[in-house]
Amino acid sequence: MAYWLLKSEPDVFGWEHLLARPKQSEPWDGVRNYQARNFLRDAMRDGDEAFFYHSNCAQPGIVGLCRIVGEAQVDPTAFDPDSKYHDPKSDPENPRWYLRTVQAQRTLARTITLAELKERAEALEGLQLIRRGNRLSVMPIEADHWAYILGLE
DNA sequence: GCCAACGTTGGC
DNA sequence: GCCAACGTTGGC
């Protein structure tokens, strides 16, 4: 069992959107960064758990817990000219982008903010989220960091 | 392969 | 809205 953090802009697709979906699950498409893609495609496993993180908003932070459901699949939005995630250089014969389905597990009792995670930088050493200039939208979380962060709730 | 220019991310 | 940091592109 591995742990992850998934970033999402609440104005685009936030935690409330996920909760409103049938079975509270959604294909996590549109990832267009190779490092994030590699995590999605190669490292994640069915049943892994993930923090759902709100970025680019008034109060960035972790708002919920979700689960990775099933195996990696080719991201069909890459081949859709009408999609904002369309990638004309991605060849269906040799797909470049993948997705995973995520399912909401529970809403956190409160938002664990980026600000307080930064305050705990000593205990969370190595956490990519609080590294300078971090922009990864899919990142691994060490098991002890996972437990520590949940303990802040 | 280098690197400048450009576009994007995301906190503040 | 600003801007630092980063990834990608493309000329050479």
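Proteins get letters first, then strands, A, B, ... in listed order; numbering begins at 1 in each.
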Task: 5' priority, DNA chain C, between N56(A) and N134(A) [closest heavy atom] - done: N56(A)

TODO: Could you tell me whether a side-chain N or O of R67(A) sits under 3.5 Å from a main-chain N or O of E49(A), the two making a donor and an acceptor?
DONE: no

Open item on the list: Going 5' to 3' along DNA chain B, between which two nucleotides do contacts with chain A fall, using a heavy-atom cut-off of 4.0 Å?
Closed with: dG7(B) to dC12(B)

Open item on the list: Classify the ring geometry of W146(A) against F51(A): parallel below 30°, tilted from 30° to 60°, perpendicular beyond 60°.
Closed with: parallel

Just list the side-chain donor-acceptor pairs under 3.5 Å for residues 78-86 of chain A, sequence neighbours left out, or say none.
| unit_1 | atom_1 | unit_2 | atom_2 | d |
| --- | --- | --- | --- | --- |
| D80(A) | OD1 | D82(A) | N | 2.8 |
| S83(A) | OG | Y85(A) | N | 2.9 |

TODO: State yes or no: are the ring centers of W28(A) and F52(A) separated by less than 6.0 Å?
DONE: yes

Task: Exam field: side chain D48(A) to backbone R45(A), donor-acceptor pair closer than 3.5 Å - done: yes

